[in-house]
Amino acid sequence: MKEQVCVSSSYSFFFPVFVYLISVPVRVSEYDFYCVYTGSGFVSHDLYLHGFFSASIKLPADYTAGVVVAFYMSNGDMFEKNHDEIDFEFLGNIRGKDWRIQTNIYGNGSTSIGREERYNLWFDPSDDFHQYSILWTDSQIIFYIDGIPIREFKRTASMGGDFPAKPMSLYATIWDGSDWATNGGKYRVNYKYAPYVTEFSDFVLHGCSFDPIEQTSSKCDITESSKVSIPTGVSPSQRIKMENFRRKHMTYSYCYDQIRYKVPPFECVINPLEAERLKVHDPVTFGGGRRHHGKRHHRSRSSGTKANDV
């Protein structure tokens, strides 16, 4: 029997609903092949130029190797050659292993420079809902999990146009990332465990919607009227929590990857303590040693983890 991949991209608007994302196998007997629907999701009705975007997410349980769940900002549908993107990506899981989450950033089509960071989670994200948030301003991007900042990415003059600066929509998708997501593609999606269901709730879209025809921002939310506390940056107490999180749970950062980048990208600010911790974790990738077996890195979807308390 032949296998054919059939991509489903059935986006739907989500205001104000409780959303399920499902990836299921379908047998199409009359054509004598096994057809796998490998993606579905939703997208916001409006484009936004900066803001705070958040959702409470519960991931599919059981064996989810190869299943990628993404919550992200993008304008790839409008700017195919020079799109911007800000990503949260869950990279699937094997029973008994830590769940891993990845953050990534592209600006102006700069997909040749992957700005990935990966972390083990200190909880099982399939047991209950947890809040994942993105703060995007003209000078910085901050990722949060349950209100704890886990990554702060600041705009620098050396980046030029590589910082996301064009209006974007909010997306969520679930899709088959077998070739790279879980242990570099070692563990693939097993559709015996389908359907894979991801649940979303408690959405926050706080920002100015952008009219692509008039090229202006309008319908701005007003912080004072919001029932949700909207962050503006990283407070001193939050910075302590962020540094604690990164010390315990960060397992990869592109800034320290000496195999991919002989010289760190211009925007990287090297923290000697982080560099040393990652070198101990993986002396080949982060220490410049010789690799005996190839290790694959993959760009995010646009090219197409539980432990201790923080």
Side-chain angles (χ1 to χ4, degrees), residues 9-19 21 40-57 69-89 102-111 115 131-145 147 149-155 159-174 198 200-234 300-302:
S9 57
S10 54
Y11 298 110
S12 61
F13 304 145
F14 56 73
F15 295 101
V17 299
F18 189 67
V19 180
L21 300 182
S40 62
F42 58 80
V43 60
S44 63
H45 178 76
D46 289 329
L47 290 160
Y48 293 88
L49 184 58
H50 308 134
F52 180 74
F53 309 92
S54 183
S56 186
I57 305 172
V69 175
F71 178 67
Y72 64 105
M73 307 289 297
S74 179
N75 50 31
D77 290 340
M78 293 180 61
F79 303 98
E80 294 184 7
K81 302 293 186 181
N82 62 336
H83 84 286
D84 304 313
E85 193 170 310
I86 305 171
D87 303 329
F88 266 118
E89 292 177 306
Q102 173 172 287
T103 60
N104 203 356
I105 296 164
Y106 295 127
N108 205 34
S110 58
T111 54
R115 295 182 171 89
Q131 200 78 21
Y132 305 88
S133 310
I134 297 168
L135 175 66
W136 170 40
T137 74
D138 62 355
S139 61
Q140 64 180 349
I141 296 167
I142 303 173
F143 296 87
Y144 300 83
I145 299 178
I150 65 167
R151 181 181 184 182
E152 181 183 35
F153 184 85
K154 293 186 176 182
R155 186 176 196 167
M159 291 185 67
D162 286 359
F163 187 89
K166 296 187 293 295
M168 292 190 279
S169 298
L170 179 68
Y171 291 79
T173 56
I174 184 170
T198 301
F200 292 77
S201 67
D202 298 333
F203 291 99
V204 178
L205 284 85
H206 183 277
C208 295
S209 61
F210 186 86
D211 188 326
I213 298 176
E214 298 294 333
Q215 294 290 301
T216 58
S217 294
S218 61
K219 296 188 295 184
C220 294
D221 282 339
I222 305 300
T223 303
E224 288 77 7
S225 65
S226 175
K227 296 180 181 179
V228 179
S229 176
I230 305 300
T232 57
V234 178
S300 79
R301 156 209 61 266
S302 300

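As the structure is a computational prediction, the values presented were derived from the model and not from experiment.
You'll find the side chain of Leu135 stays beyond 4.5 Å of the side chain of Ile141, heavy atoms only.
Residue Thr232 holds its OG1 atom at 8.0 Å from CD1 of Ile142, rounded to the nearest 0.5 Å. Residue Ile105 holds its CD1 atom at 4.5 Å from CZ of Phe153, rounded to the nearest 0.5 Å. The CG atom of Asp162 lies 11.0 Å from the CG atom of Asn82; values are rounded to the nearest 0.5 Å. Residue Leu205 holds its CG atom at 6.0 Å from OG of Ser44, rounded to the nearest 0.5 Å. Between atom OH of residue Tyr132 and atom CD1 of residue Ile150 there is a gap of 9.5 Å, rounded to the nearest 0.5 Å. Rounding to the nearest 0.5 Å places OG of Ser169 at 8.0 Å from CG of Asp46.
Residues forming a salt bridge (charged side-chain N to carboxylate O under 4.0 Å, His left out) with Arg155 (at least two apart in sequence, or on another chain): none. By the ring pair (Phe, Tyr, Trp, His ring centres under 6.0 Å) test, Phe143 is found to be paired with Phe88, residues two or more places apart in sequence or in another chain being considered. Judged as a ring pair (Phe, Tyr, Trp, His ring centres under 6.0 Å), and not counting sequence neighbours, Tyr144 has no contacts.
Closest of all the heavy-atom pairs between Pro167 and Trp136 is CA-CH2, 4.4 Å. Shortest non-hydrogen contact noted between Asn108 and Gly161 is CB-O, 2.9 Å. Minimum interatomic distance between Gln131 and Ser56 (heavy atoms only, all atoms of both residues): OE1-CB, 3.2 Å. Contact between His83 and Lys166 at its shortest, heavy atoms only, is C-NZ, 4.5 Å. Contact record, Pro164 with Ile86: CG-CG1, 4.1 Å, taken as the closest heavy-atom pair. The two residues Ser229 and Pro231 have their closest heavy-atom pair at O-CD, 3.5 Å.
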Q | Working for side chain to side chain contact (heavy atoms under 4.5 Å, CB included), residues Ser40 and Ile174 | A | CA-CA 6 Å; Ser40 62; Ile174 184 170; 3.6 Å; yes
Q: Please assess Cys208 against Tyr48 for the test side chain to side chain contact (heavy atoms under 4.5 Å, CB included), listing each intermediate value before the final yes or no.
A: CA-CA 6 Å; Cys208 295; Tyr48 293 88; 5.9 Å; no
(Q) Apply side chain to side chain contact (heavy atoms under 4.5 Å, CB included) to residues Lys154 and Met159 and explain how you reach the verdict. (A) CA-CA 10 Å; Lys154 293 186 176 182; Met159 291 185 67; over 6 Å; no
Q | Derivation of the side chain to side chain contact (heavy atoms under 4.5 Å, CB included) call for Asp87 and Gln102 | A | CA-CA 8 Å; Asp87 303 329; Gln102 173 172 287; over 6 Å; no
Q: Run the numbers on Ser110 and Arg115 for side chain to side chain donor-acceptor pair (under 3.5 Å), then give the verdict.
A: CA-CA 10 Å; Ser110 58; Arg115 295 182 171 89; 3.2 Å; yes
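Checked by atom type, the side-chain pair Asp84/Asn75 shows a donor-acceptor distance below 3.5 Å.
When ring centroids are compared, Tyr171 and Tyr72 come within the 6.0 Å threshold. Separation of the Phe71 and Phe53 ring centroids does not fall under the 6.0 Å cut-off.
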